[in-house]
Amino acid sequence: MKMSSMFFFKRIIVGFWAIWWISAFLTDFLGGLYLLNIVTETWVPHSNYPGLVTSLAQYGAPSWLPSILFGGIIAWSLLSALAFVFAALTPAKPSQRWRARVNSAFIISLGLWFTFFIADQTVMMFDLEENHMVQGGFQLLTFMAIHLLPDD
């Protein structure tokens, strides 16, 4: 059975987000290992956690809170990555199963973006909020494209 070019494009979108979320997870996971001195390579990105600590400091948050929140971000990123990989590897037929898995992946990951939007607004990190809005908005746009564009 031949796959239409539009449906193939939709599968590329899902594959793109699988790769993106894997990258996002690895960035923070390796950054966390770097901050714990488990990984010592200086090329490992490690600025997200210190930014979280700084943004929460204005509220006098307990010292353990940034670690818990950062762990939650890493776990949610991993869940998003796994959901997208699972959706990307799902056979195209039956299409209802593929769509259900794609919907789940987008809902899981968009939930993280929405959480970031609220958190950014709460700690008044407007530059970061703008960045999250662009990335989350792009993901929402691609989710809409999957549903609004025809399969054929």
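In what follows, residues are counted from 1 in the order of the sequence shown.
Placement of W43 and V39 within a single hydrophobic cluster is found when ILVMFWY residues are connected by side-chain heavy-atom separations under 4.5 Å, directly or transitively. L78 and I38 fall within a single hydrophobic cluster, where Ile, Leu, Val, Met, Phe, Trp and Tyr side chains are chained together by heavy-atom contacts under 4.5 Å. Clustering ILVMFWY residues whenever any of their side-chain heavy atoms sit less than 4.5 angstrom apart, transitively, puts V14 in the very cluster that holds F9. The hydrophobic clustering, which links ILVMFWY residues whose side-chain heavy atoms are closer than 4.5 Å, places F138 and M144 together. Note on F116 and V134: separate hydrophobic clusters, where clusters join Ile, Leu, Val, Met, Phe, Trp and Tyr whose side-chain heavy atoms are under 4.5 Å apart, directly or indirectly.
Put simply, CD on Q121 and CD1 on I118 are 10.0 Å apart, with the number rounded to the nearest 0.5 Å. Within the model, atoms CH2 of W113 and CG of D120 stand 9.5 Å from one another, a figure rounded to the nearest 0.5 Å. Summarising the geometry, atom OG belonging to S55 is positioned 9.0 Å from atom CG belonging to L69; distances are rounded to the nearest 0.5 Å. Summarising the geometry, atom OG1 belonging to T115 is positioned 9.5 Å from atom CZ belonging to F117; distances are rounded to the nearest 0.5 Å. For the atom pair CG (N103) and CD1 (I146), the distance works out to 8.5 Å, reported to the nearest 0.5 Å.
At distances below 3.5 Å, not a single donor-acceptor pair connects side-chain atoms of R101 with backbone N or O atoms of F86. Using modelled atom types, no side-chain atom of Q139 and backbone atom of S109 make a donor-acceptor pair closer than 3.5 Å.
The shortest non-hydrogen separation linking G136 to L110 is O-CD2, 3.9 Å. Here the closest non-hydrogen pair linking L149 and M6 is CD1-SD, 3.9 Å. Shortest non-hydrogen contact noted between Y34 and T42 is CE1-CA, 4.2 Å. Nearest approach of W98 to T90, heavy atoms of both residues: CD1-O, 3.6 Å. In terms of heavy-atom proximity, L52 sits nearest to P66 at CD2-O, 3.4 Å. Taking each heavy atom of L112 and W76 in turn, the nearest pair found is N-CZ2, 3.3 Å.
Among residues at least two apart or in separate chains, ring-ring contact (aromatic ring centres under 6.0 Å, His included) pairs with a member in residues 49-74 are Y49-F70.
Looking at heavy atoms from C-beta onward, I13 lies out of side-chain contact with F143 at the 4.5 angstrom threshold. Here the side chains of L35 and P50 are in contact, with some heavy-atom distance below 4.5 Å. Side chains of F106 and L140 form no contact here, defined as non-hydrogen atoms less than 4.5 Å apart.
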Return a table of donor-acceptor pairs under 3.5 angstrom between the side chains of residues 16-32 and protein atoms on other chains or two or more places apart.
unit_1 : atom_1 : unit_2 : atom_2 : d
W17    : NE1    : T142   : OG1    : 2.8
T27    : OG1    : S23    : O      : 2.8
D28    : OD1    : N48    : ND2    : 2.6

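Every residue meeting the side-chain hydrogen bond (donor to acceptor under 3.5 Å, both in side chains) condition with R99, not counting sequence neighbours, appears here in chain and number order: D151.
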